[in-house]
Structure formats: structure tokens, C-alpha cells
Trainee: 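The structure follows.
If you're wondering where the values come from, they're calculated on a predicted model, not measured in any experiment.
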Amino acid sequence: MKVIHPQLARDRDLCAFHTDDYVAFLQSAKPETLTNPCVARRFNITDDCPVFYRLFEFCQTYTGASVDAAKELNRCNADIVINWSGGLHHAKRSEASGFCYVNDIVLAILKLLENHDRVLYVDIDIHHGDGVEEAFLTTDRVMTVSFHKFGEYFPGTGHILDNGYGKGKYYAVNVPLNDGIDDESYHYLFKPIIAKVMEVFNPDAVVLQCGADSLSGDRLGCFNLSVKGHAECVRYLRSFNVPLMLLGGGGYTLRNVARCWCYEVYWSLHVEVNDKMPDHEYLGYYGPDYNIHVATSNMENKNSRKSLDDIKAKILDNL
């Protein structure tokens with residue numbers, strides 16, 4: 001593994017997707033100067049998306065890392081590139097959403113499209129990847145595939161019938177799921193859908209948003225995936241031997257986010273990881289078992305086999 005220190009994204013880099021006035025707002029926004037409620041409403045600055053000190057530098061940092069990761073794939077310098085600070089999939093062209101201010105995923109995909117004809121985006125965060133889907137809704141060069149909780153749940157989008165528009169018709173794939181989905185049920189959909197996507201779309205590069213709020217026990221999530229089940233999605237996509245970008249995303253039981261992404265780094269390197277953690281300064285957060293892998297819960301899986309079969313049949317037919 002080679003560690004690269006990324007450059008900060010410049011304001012003009014962000015304007016490859018975001019509007020000039022929105023980027024200018026982010027550049028100048030400070031908590032003490034945000035006094036105009038009309039401006040706050042215009043850019044969707046809410047409790048979910050507060051202005052905080054060094055906000056623009058935060059956006060420049062995680063976005064610069066994703067764009068530099070795309071450049072590494074463009075130069076064929078790596079098989080896999082990883083930016084766990086990225087994956088902020090809700091940000092829209094001219095507004096913030098769901099604690100996402102700049103959509104680093106869209107900007108990274110745009111960079112990949114400079115050297116690749118087709119890019120596949122897959123999202124395993126518990127929330128729908130609405131900002132990325134919306135950005136590429138009308139193109140056939142990017143296919144977006146999102147597996148997410150659907151219903152009374154943020155952002156409320158991602159119906160199975162939402163599948164693109166114009167030239168992008170059927171290039172948006174939405175897999176709506178219910179509470180409690182476990183590893184077996186998740187992969188019952190994930191593997192055949194991804195296999196068909198790879199067959200019919202044949203991407204030159206893949207971007208995988210690895211939001212860890214789909215793990216069991218997440219403070220905001222309601223799925224029941226294990227760390228191994230989550231990582232199996234990474235392993236399966238890697239098996240197609242297409243250049244792969246791994247990005248972070250959501251995750252609100254922080255010790256389990258760290259467990260998951262640590263394990264996925266090890267897996268990406270084809271290195272066996274010892275389940276028992278070595279001693280380090282944060283070891284106290286991982287008690288009482290101090291393991292990488294944690295047990296899933298006994299919560300009810302509200303995804304019946306019939307509902308999974310119906311979803312799979314509909315999506316495979318669209319593809």
C-alpha cells in the first residue's frame with residue numbers, strides 16, 4: 001500500500017459540478033457571519049448541515065483526496081484506491097444535504113470520465129445515494145446502483161421505479177430494502193444484480209461508496225450486516241478485476257466504522273487480519289471483547305424472500 005498526501009481541491013475544481021455562487025458561499029461561510037436566514041435556506045444550511053469553522057478547508061481536503069484517487073486510477077498507478085474521508089453522496093449542485101457539502105463522488109467520477117468511457121457507481125450506505133444519482137440521471141456513461149433503506153427514511157428517494165431519464169433511462173438502479181436485512185438476504189440481491197450490471201454495462205472503472213451505517217448496531221441505521229458481510233461487497237466487486245475506488249460515507253457507531261474500514265483495507269491488500277486487536281491508544285473503545293468482528297443482533301428481518309425475489313426480478317428485467 002502506498003500512502004499519498006492529496007492536494008486541496010481548489011474552488012475552480014469544485015465548480016466542475018457545483019455552482020459558482022454555492023462554492024463562493026462555502027468559501028466565505030463562518031458561523032458568526034451566517035445571519036441571513038434567506039441565504040441559509042437557499043443553500044439548505046440546516047441542523048443537518050451546519051456552518052462550522054474551517055468548513056471550506058474540510059470540503060477541500062476530502063474532495064481533493066477523492067479527485068487525486070481518480071487521477072491515480074487514470075494513470076494506472078493502482079488497482080484499488082481508498083479515501084475513507086470521502087463518499088459524501090447527498091450534496092447537490094447548489095445546496096448541502098445530510099451533512100454533505102461538496103459531492104466528492106461526482107467530482108471523482110467526472111475526473112474518471114476523462115480517461116474512461118463508462119464508470120459504475122455502487123452505494124452500500126444505508127441511505128440512498130441521491131446526489132450522485134441526480135448528477136448522472138440523464139447520461140449513459142455512468143450507471144448508479146444504490147442499495148438502501150426505503151420508506152420513512154432520509155432522504156426519502158430511491159424508489160425501484162426511479163431508473164433514469166432520457167439517455168440515462170435504466171442507467172439508475174435502485175434497490176429499496178426494509179429493516180433488519182442480514183448478510184444472506186443482502187447478498188441474495190447484491191451478487192446477481194452486480195453480476196448483471198457488470199455484464200450489460202461493462203464499466204472501465206468502479207466507484208464503491210462503503211457507508212458503514214448499514215452495519216448491525218449503527219446508531220442511525222436499521223440493517224443487520226456484519227463486518228464480513230459488508231466487506232463481501234468489496235470482495236465481490238474486486239473479483240471482476242476492474243479498477244476500483246473505495247470511499248467512505250455514513251456510520252454513526254464509530255468503533256464499528258473503524259472496525260469495518262480497517263478490515264476492508266486488510267482485505268484489499270489480501271492480508272489476513274487477526275480478529276484480536278493489538279494494543280494501541282484507543283483500545284479502550286473496543287471493549288469488552290477487543291475484536292475486529294462483532295456479533296450481529298437478533299432483530300427481525302423484514303425483507304421476505306418473496307419481496308427480495310420481486311425486487312431482483314424487476315431490476316434484472318430493467319437491466
Side-chain angles (χ1 to χ4, degrees), residues 1-8 52-55 57-69 72 77-89 99-100 104-105 108 123-127 182-183 186 207-238 244-299:
M1 179 169 66
K2 179 182 178 184
V3 178
I4 295 172
H5 295 277
Q7 295 183 319
L8 294 179
F52 52 89
Y53 289 107
R54 300 174 72 187
L55 167 61
E57 186 180 341
F58 167 65
C59 296
Q60 288 180 294
T61 304
Y62 74 78
T63 302
S66 293
V67 172
D68 278 6
E72 288 297 298
N77 286 347
D79 299 312
I80 302 177
V81 290
I82 302 172
N83 173 27
W84 295 131
S85 70
L88 280 76
H89 58 173
F99 201 72
C100 302
D104 63 292
I105 307 171
D123 191 316
I124 58 173
D125 193 292
I126 196 171
H127 302 96
D182 56 22
D183 293 350
Y186 200 90
V207 177
L208 175 59
Q209 198 265 22
C210 300
D213 44 12
S214 46
L215 290 173
S216 180
D218 189 82
R219 288 174 62 188
L220 297 184
C222 50
F223 285 178
N224 200 20
L225 298 184
S226 69
V227 168
K228 284 183 178 177
H230 194 276
E232 178 64 16
C233 298
V234 179
R235 187 208 66 78
Y236 188 69
L237 270 169
R238 185 69 187 97
L244 178 63
M245 181 186 300
L246 303 181
L247 299 174
Y252 306 94
T253 300
L254 299 188
R255 59 188 179 274
N256 290 349
V257 178
R259 284 177 161 108
C260 181
W261 291 345
C262 171
Y263 183 73
E264 288 170 352
V265 169
Y266 270 95
W267 189 91
S268 299
L269 292 166
H270 298 291
V271 175
E272 288 295 323
V273 59
N274 191 333
D275 189 33
K276 191 60 68 175
M277 290 189 184
D279 190 26
H280 64 290
E281 63 178 307
Y282 299 107
L283 188 64
Y285 287 96
Y286 300 94
D289 53 9
Y290 306 103
N291 292 338
I292 291 282
H293 298 286
V294 291
T296 54
S297 78
N298 62 354
M299 70 186 298

Trainee: Which residues pass the side chain to side chain contact (heavy atoms under 4.5 Å, CB included) test with F52, not counting sequence neighbours?
Mentor: L55, F58, F99, Y101
Trainee: Between L88 and S85, which heavy-atom pair has the shortest distance, and what is it?
Mentor: CD1-O, 3.5 Å
Trainee: Under 3.5 Å, side chain of S216 to main-chain N/O of S297, donor-acceptor pair present?
Mentor: yes
Trainee: Might you work through the side chain to side chain contact (heavy atoms under 4.5 Å, CB included) test for D218 and N256, ending with a clear yes or no?
Mentor: CA-CA 8 Å; D218 189 82; N256 290 349; over 6 Å; no
Trainee: Quick one: list whatever passes ring pair (Phe, Tyr, Trp, His ring centres under 6.0 Å) with Y290, sequence neighbours left out.
Mentor: none
Trainee: How long is the span from the CD1 atom in I82 to the OG atom in S268, to the nearest 0.5 Å?
Mentor: 4.5 Å
Trainee: Measure from the side-chain N and O atoms of T296 to the backbone N and O of L225, and report whether any donor-acceptor pair falls under 3.5 Å.
Mentor: no
Trainee: For the CG atom of N298 and the CG atom of D182, what is their distance to the nearest 0.5 Å?
Mentor: 12.0 Å
Trainee: Which residue pairs pass the side-chain hydrogen bond (donor to acceptor under 3.5 Å, both in side chains) test with at least one member in residues 269-283, sequence neighbours excluded?
Mentor: K276-N291
Trainee: Between Q209 (side chain only) and G87 (backbone N and O only), is there a donor and an acceptor less than 3.5 Å apart?
Mentor: yes
Trainee: Please report whether the ring centroid of Y263 lies less than 6.0 Å from that of H293.
Mentor: yes
Trainee: Show, in sequence, the C-alpha distance, side-chain angles and deciding distance for L247 and H89, and conclude whether the side chain to side chain contact (heavy atoms under 4.5 Å, CB included) test is met.
Mentor: CA-CA 10 Å; L247 299 174; H89 58 173; over 6 Å; no
Trainee: Any heavy-atom pair between the side chains of V207 and I105 that's under 4.5 Å?
Mentor: yes
Trainee: Quick check: does any side chain N or O of R259 sit under 3.5 Å from a backbone N or O of Y286, one acting as donor and the other as acceptor?
Mentor: yes
Trainee: To the nearest 0.5 Å, what is the distance between CG on L220 and CD1 on I126?
Mentor: 9.0 Å
Trainee: Can you tell me if W261 uses its side chain to pair, donor with acceptor, with the backbone of A212 under 3.5 Å?
Mentor: no
Trainee: Between L269 and M1, what is the shortest heavy-atom contact and its length?
Mentor: CD2-CB, 3.7 Å
Trainee: To check you understand the geometry: which heavy-atom pair defines the closest contact between Y252 and R219, and what is its length?
Mentor: O-CD, 3.1 Å
Trainee: Quick one: list whatever passes salt bridge (Lys or Arg N to Asp or Glu O under 4.0 Å) with D68, sequence neighbours left out.
Mentor: K71
Trainee: Treating S66 as the side-chain partner and G86 as the backbone partner, does any N or O pair qualify as donor plus acceptor under 3.5 Å?
Mentor: no
Trainee: Can Y285 and M277 be said to form a side chain to side chain contact (heavy atoms under 4.5 Å, CB included), step by step?
Mentor: CA-CA 11 Å; Y285 287 96; M277 290 189 184; over 6 Å; no
Trainee: Taking atom OH as the centre, does Y266 end up with more than 12 heavy-atom neighbours from other residues, nucleotides or ligands that are less than 6.0 angstrom away?
Mentor: no
Trainee: First locate atom OG of S214, then atom CD1 of I124, and finally report the distance between them rounded to the nearest 0.5 Å.
Mentor: 5.5 Å
Trainee: Roughly how far, to the nearest 0.5 Å, is the CG atom of N83 from the CG atom of L246?
Mentor: 10.0 Å
Trainee: Mark yes or no for whether D125, through its side chain, and D213, through its backbone, hold a donor-acceptor pair below 3.5 Å.
Mentor: no
Trainee: Restricting to non-hydrogen atoms, name the atom on M299 and the atom on C222 that form the minimum distance, rounded to 0.1 Å.
Mentor: CE-O, 3.4 Å
Trainee: How many angstroms lie between CG in D183 and NE2 in H230, if you round to the nearest 0.5 Å?
Mentor: 10.5 Å
Trainee: Quick one: salt bridge (Lys or Arg N to Asp or Glu O under 4.0 Å) partners of R54, sequence neighbours excluded?
Mentor: E57
Trainee: What closest approach, in Å, do C262 and I292 show between heavy atoms, and which atom pair accounts for it?
Mentor: SG-CD1, 4.0 Å
Trainee: Say whether, by atom type as modelled, one donor and one acceptor occur between the side chain of D104 and the main chain of A65 under 3.5 angstrom.
Mentor: no
Trainee: Check salt bridge (Lys or Arg N to Asp or Glu O under 4.0 Å) between E232 and all other residues, then give those that pass, not counting sequence neighbours.
Mentor: K191, R235
